[in-house]
Every structure is written in C-alpha cells, then in structure tokens.
Q: 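Can you read through this structure? Questions will come right after.
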Amino acid sequence: MDTQKVDMFMMMNAKYFEGHHLSAIREKLLSLDESQWQRLQLTQFKDPTTALLISIFAGAYGIDRFYIGDTGMGVGKLLTCGGFMIWAIVDWFLIQGATREKNAMAFNNTFL
C-alpha cells in the first residue's frame with residue numbers, strides 16, 4: 001500500500017485507537033492490497049469522545065455500552081441502573097479505552 005495513503009489514514013483515525021496499537025495498525029496497512037484498502041474504508045469506528053458523552057449523560061441506562069457493542073454489559077447496566085450509579089461513574093473513566101479497544105478489534109476483524 002502507498003505510504004502516503006497509510007499516513008493519511010493514521011492521521012485521520014489515530015484518535016480511534018490506543019497508542020500501543022498504532023504501530024501494528026501501520027504495519028498492517030502497509031501490507032494491504034487495493035481490495036482490502038477499499039474494505040477498510042467501509043469500516044466505521046466509534047468515536048471515544050462520543051462514547052464518553054453518552055456515558056456521562058445516559059450511562060446509567062447502559063446506552064454507552066450498547067453504543068460500542070457491549071450488549072451484555074449494556075443490559076447489565078440497564079437492569080441495575082448503572083450498578084446503582086457506581087458502575088456508571090466508573091465507566092466515565094473506562095469507556096474511552098474500551099471504545100478504542102473495540103475499534104482495534106473491528107480493524108483486525110476487517111481482514112479475517
């Protein structure tokens with residue numbers, strides 16, 4: 001893959017991934033062919049800032065976990081009112097990392 005395309009992708013999408021994933025993602029991108037690149041362009045990543053805002057305003061209902069694809073945890077938060085608000089408050093600090101991890105999993109699943 002063209003390094004200019006890879007650099008542009010990294011610049012535009014680095015906020016969606018943890019820092020320790022970026023070098024592996026860059027290496028994977030450099031080894032892609034054109035058909036895989038087009039498939040990657042169709043992959044949508046969840047925004048960690050949006051997940052944090054959802055967590056702050058509606059985290060007690062599990063909507064933040066539903067947003068990132070953690071359906072089981074979302075149902076758990078919904079049924080317990082965010083773990084009696086304790087779980088909801090803890091998620092204010094954890095949800096951005098969880099979102100970035102889910103994005104890394106989505107990136108890796110794109111090429112399986």
Side-chain angles (χ1 to χ4, degrees):
M1 182 54 51
D2 182 27
T3 57
Q4 189 174 17
K5 276 186 179 180
V6 171
D7 290 339
M8 183 64 76
F9 178 86
M10 295 299 292
M11 193 169 53
M12 298 295 291
N13 295 300
K15 71 177 184 173
Y16 297 122
F17 304 103
E18 292 283 352
H20 63 275
H21 289 149
L22 292 178
S23 61
I25 289 172
R26 189 172 199 297
E27 292 300 317
K28 183 74 171 177
L29 289 173
L30 288 171
S31 68
L32 294 181
D33 63 5
E34 196 61 38
S35 66
Q36 291 173 321
W37 179 258
Q38 291 172 355
R39 191 171 8 156
L40 177 63
Q41 295 300 320
L42 296 175
T43 304
Q44 293 184 350
F45 300 111
K46 304 293 183 181
D47 188 2
T49 307
T50 303
L52 176 62
L53 291 173
I54 292 170
S55 185
I56 290 170
F57 293 111
Y61 305 110
I63 296 172
D64 53 347
R65 290 296 179 159
F66 287 119
Y67 172 72
I68 66 171
D70 280 341
T71 307
M73 292 182 77
V75 169
K77 282 180 75 173
L78 179 63
L79 295 176
T80 62
C81 291
F84 305 106
M85 284 305 293
I86 295 169
W87 191 358
I89 293 170
V90 169
D91 256 356
W92 294 349
F93 300 98
L94 301 178
I95 195 68
Q96 286 187 310
T99 304
R100 289 183 178 112
E101 290 293 328
K102 288 287 187 174
N103 286 336
M105 287 177 19
F107 176 84
N108 289 329
N109 289 340
T110 301
F111 307 112
L112 293 180

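Not measured: the values here are computed from a predicted model.
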Q: Calculate, to the nearest 0.5 Å, the distance between atoms CZ and CZ belonging to F9 and R26 respectively.
A: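 It comes to 12.0 Å.
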
Q: Where is the tightest heavy-atom contact between H21 and A104, given as atom of each residue plus distance?
A: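 Scanning both residues, the minimum pair turns out to be ND1-CB, 3.4 Å.
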
Q: Compare all side-chain heavy atoms of K15 with those of D47 and state whether any distance is below 4.5 angstrom.
A: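 Yes; the side chains approach each other to less than 4.5 Å.
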
Q: Are L22 and Y16 connected in a single hydrophobic cluster, I mean Ile/Leu/Val/Met/Phe/Trp/Tyr linked by side-chain heavy atoms less than 4.5 Å apart?
A: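 Same cluster: Y16 reaches L22 through Ile, Leu, Val, Met, Phe, Trp or Tyr contacts under 4.5 Å.
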
Q: Do other residues, nucleotides or ligands put more than 12 heavy atoms under 6.0 Å from the CD atom of E34?
A: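 It does: E34 CD has more than 12 such atoms within range.
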
Q: Hydrophobic side-chain clustering at under 4.5 Å (ILVMFWY, transitive links): who's grouped with Y61? Put none if nobody.
A: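 Y61 shares its hydrophobic cluster with L52, L53, I54, I56, F57, I63, Y67, I68, L78, I89, W92, F93, I95.
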
Q: The test is side chain to side chain contact (heavy atoms under 4.5 Å, CB included); show your working for D91 and R65 and say whether it passes.
A: CA-CA 9 Å; D91 256 356; R65 290 296 179 159; 2.7 Å; yes

Q: Nearest 0.5 Å, what's the CG-CZ distance between L32 and F111?
A: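 Between L32 CG and F111 CZ, I get 4.5 Å after rounding to 0.5 Å.
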
Q: Answer yes or no: is there a side-chain heavy-atom contact under 4.5 Å between W87 and M73?
A: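 Side chain of W87 against side chain of M73, heavy atoms only: contact under 4.5 Å found.
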
Q: Quick one, V75 and L79 - any side-chain contact, counting heavy atoms below 4.5 Å?
A: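 When only atoms from C-beta onward are counted, L79 and V75 do touch, with a gap below 4.5 Å.
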
Q: Could you measure the distance from the CD atom of E101 to the CG atom of D70? Nearest 0.5 Å is fine.
A: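 One gets 11.5 Å once the value is rounded to the nearest 0.5 Å.
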
Q: Please check if atom CD in Q41 has more than 12 non-hydrogen atoms from other residues, nucleotides or ligands closer than 6.0 Å.
A: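 Yes, enclosed.
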
Q: Determine whether a donor-acceptor pair (N or O, by modelled atom type, separation under 3.5 Å) exists between the side chain of R39 and the backbone of T110.
A: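 Indeed, once roles are kept as given, a pair shorter than 3.5 Å links the two residues.
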
Q: Measure the OG-NZ distance between S23 and K28 for me, rounded to the nearest 0.5 Å.
A: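 So the gap between those two atoms works out to 14.0 Å.
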
Q: Return the orientation label for the F17 and F45 ring planes: parallel under 30°, perpendicular over 60°, tilted otherwise.
A: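 If you compare the ring of F17 with that of F45, the planes turn out perpendicular.
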
Q: Same cluster for L30 and M8 if Ile/Leu/Val/Met/Phe/Trp/Tyr side chains link at under 4.5 Å?
A: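 No; M8 is not reachable from L30 via cluster members.
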
Q: Would you name the heavy atoms of K77 and G62 that are closest together and state the gap between them?
A: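 Looks like CB-CA, 3.7 Å.
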
Q: Is D33 reaching over with its side chain to a backbone N or O of Q36, donor-acceptor style, under 3.5 angstrom?
A: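 Answer holds: yes.
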
Q: Would you check if K46 and K102 make a side-chain contact, meaning some heavy-atom pair closer than 4.5 Å?
A: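 Heavy-atom side-chain distance check fails, nothing below 4.5 Å.
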
Q: Side chains of N103 and F107, heavy atoms from C-beta outward: is any pair under 4.5 Å?
A: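 No - every pair of side-chain heavy atoms lies 4.5 Å or more apart.
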
Q: If you measure from CG on D64 to OG1 on T50, what distance do you get to the nearest 0.5 Å?
A: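 Going from the CG atom of D64 to the OG1 atom of T50 covers 12.0 Å.
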
Q: Are any non-hydrogen side-chain atoms of L29 and L40 less than 4.5 angstrom apart?
A: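 Of all side-chain heavy-atom pairs linking L40 with L29, at least one is under 4.5 Å.
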
Q: About how many Å separate CE of M10 and OG1 of T3, when rounded to the nearest 0.5 Å?
A: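 It is 13.0 Å, given to the nearest 0.5 Å.
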
Q: Could you report the tightest heavy-atom contact between S55 and A88, atom names first, then the distance?
A: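 For S55 and A88, the tightest heavy-atom pair comes out as OG-O, 4.2 Å.
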
